[in-house]
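To start, the structure itself, in structure tokens.
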Amino acid sequence: MKKIYLLVLLALMHFTSFSQPNSIYVKSKYLADEIIRKLEFTQPYTVTDRTPVTFVEKGSTKDFTGIEYVKTPWYGATEGKEFIVVEYADPEQQTEWGYLYQVYFWKDHTLPFFVNRGDGMGLNLKYNGTSQPYYRVHYSTDLQIFKNPSLVEPNQILTLQYLESEWVDHSDWVTVTSYEFRPNQSRGVELISRTEESLRGNILITYKIKVVADDAWVIIEKTQDGYDLNPL
């Protein structure tokens with residue numbers, strides 16, 4: 001855990017304003033809430049559903065690809081890479097920097113990578129085996145995003161459920177909508193099992209997936225197929 005000075009961050013990043021909230025801010029707020037709730041690092045200050053929150057978009061003004069940046073949260077970022085800062089502030093809780101917490105997300109896939117605390121301390125969310133006991137998980141789609149955890153314990157097994165359904169049109173063509181796990185496109189996870197069971201005329205598909213690495217990707221794609229109910 002390193003002490004991160006806000007002035008240094010401001011010197012490295014430029015500010016981009018936004019006009020109104022959209023879906024990416026809603027998603028960022030949900031994930032930031034989960035981070036603050038789970039991490040021991042984020043316990044000194046109290047955050048509730050009524051705590052004021054602001055969103056700021058920023059972008060890197062330089063490349064952070066050199067070896068000297070390996071141990072920093074910015075490592076791998078190229079010039080212009082955009083990120084979002086979710087900031088919690090409460091006038092009734094005084095801190096050195098004026099806010100309670102700032103949670104940083106890479107904008108391209110809404111993955112958290114850094115947390116600032118109001119006392120000037122910062123935590124790199126890239127797992128290194130010592131400072132951060134959670135793996136970050138990202139999903140390929142917004143399907144059921146608010147039910148899927150973004151921070152999990154190492155080797156935690158996720159239970160992801162999807163409903164396979166059939167729809168028959170006027171010409172007796174049956175459209176089958178399902179959800180398929182893509183192991184070759186996923187990263188940092190292992191498929192434990194895939195089961196099916198009947199549920200109110202549909203099929204409930206349950207995936208058991210183990211998260212074995214930080215910055216994991218779970219790729220489950222929505223698929224559609226079909227067949228003729230009355231073939232000639």
If you apply the rule ring-ring contact (aromatic ring centres under 6.0 Å, His included), what do you find for Tyr101 with Tyr88, and how did you get there?
CA-CA 5 Å; Tyr101 304 105; Tyr88 298 80; 7.0 Å; no
Apply side chain to side chain donor-acceptor pair (under 3.5 Å) to Glu79 and Ser60, showing your working.
CA-CA 5 Å; Glu79 182 176 357; Ser60 171; over 6 Å; no
Show your reasoning for whether side-chain contact (heavy atoms from CB on, under 4.5 Å) applies to Trp173 and Leu229.
CA-CA 6 Å; Trp173 178 260; Leu229 190 62; over 6 Å; no
Between Thr72 and Asn124, is a side-chain contact (heavy atoms from CB on, under 4.5 Å) present by the stated rule, with each step listed?
CA-CA 7 Å; Thr72 75; Asn124 185 354; 5.8 Å; no
So Lys29 and Asp33, salt bridge (Lys or Arg N to Asp or Glu O under 4.0 Å) or not? Walk me through it.
CA-CA 6 Å; Lys29 171 62 165 57; Asp33 286 348; 2.6 Å; yes
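Using a 4.5 Å cut-off on side-chain heavy atoms (C-beta onward), Glu87 and Val53 make no contact. Between Leu100 and Thr51 there is a side-chain heavy-atom pair separated by less than 4.5 Å. Between Ser140 and Val218, every side-chain heavy-atom pair lies at or beyond the 4.5 Å cut-off. The shortest distance between side-chain heavy atoms of Arg117 and Thr42 does not fall below 4.5 Å. By the 4.5 Å heavy-atom criterion applied to side chains, Ile192 and Ile209 are not counted as neighbours. Side-chain atoms of Val189 and Val212, non-hydrogen and from C-beta on, never get closer than 4.5 Å to each other. By the 4.5 Å heavy-atom criterion applied to side chains, Asp119 and Tyr45 are counted as neighbours.
Ring-plane geometry between Trp74 and Phe114 is classed as tilted, the angle between the planes lying from 30 to 60 degrees on a 0 to 90 degree scale. The aromatic rings of Phe181 and Tyr207 are tilted relative to each other, their planes meeting at an angle between 30° and 60°.
There is a side-chain donor-acceptor pair under 3.5 Å between Glu34 and Ser150. Residues Thr177 and Lys222 have side chains that never bring a donor and an acceptor to within less than 3.5 angstrom of each other. For the 3.5 Å distance criterion, the side chains of Asp63 and Thr65 fail to qualify, holding no donor opposite an acceptor.
Between Glu180 and Arg194 there is a salt bridge, since at least one side-chain N of the basic residue sits less than 4.0 Å from a carboxylate O of the acidic one. A salt bridge between Glu221 and Arg182 is present, with a side-chain N of the basic residue lying under 4.0 Å from a carboxylate O of the acidic one. Between Asp90 and Arg50, none of the side-chain N atoms (NZ, or NE/NH1/NH2) sits under 4.0 Å from a carboxylate O, so this pair counts as no salt bridge. Taking 4.0 Å as the cut-off between side-chain N and carboxylate O, Lys107 and Glu57 count as a salt-bridged pair.
Residues Trp217 and Phe105 do not share a hydrophobic cluster, defined by chaining ILVMFWY side chains whose heavy atoms lie under 4.5 Å apart. Hydrophobic clustering (ILVMFWY, side-chain heavy atoms < 4.5 Å, transitive): Val115 and Leu111 are in distinct clusters. Linking ILVMFWY residues whenever their side-chain heavy atoms come closer than 4.5 Å, directly or via other members, places Leu151 and Tyr30 in the same cluster.
Once rounded to the nearest 0.5 Å, the distance linking OG1 of Thr78 with NZ of Lys62 reads 13.0 Å. Atom CG of residue Leu125 and atom CG of residue Leu39 lie 6.0 Å apart, to the nearest 0.5 angstrom. We find the CG-CG distance between Leu199 and Leu163 to be 6.0 Å, quoted to the nearest 0.5 Å.
For an aromatic pair to be called close, the ring centres must be under 6.0 Å apart, and Phe55 with Tyr25 satisfies this. Taking the six-membered ring for Trp and the full ring otherwise, the centers of Tyr179 and Tyr162 sit less than 6.0 Å from each other. Ring centroid separation for the pair Phe64 and Tyr75 does not come in under the 6.0 Å cut-off.
Side chain of Ser186 to backbone of Ile219: a donor-acceptor contact under 3.5 angstrom is found.
Pairing each heavy atom of Tyr135 with each of Pro154, the nearest pair is CE1-CA, 3.3 Å.
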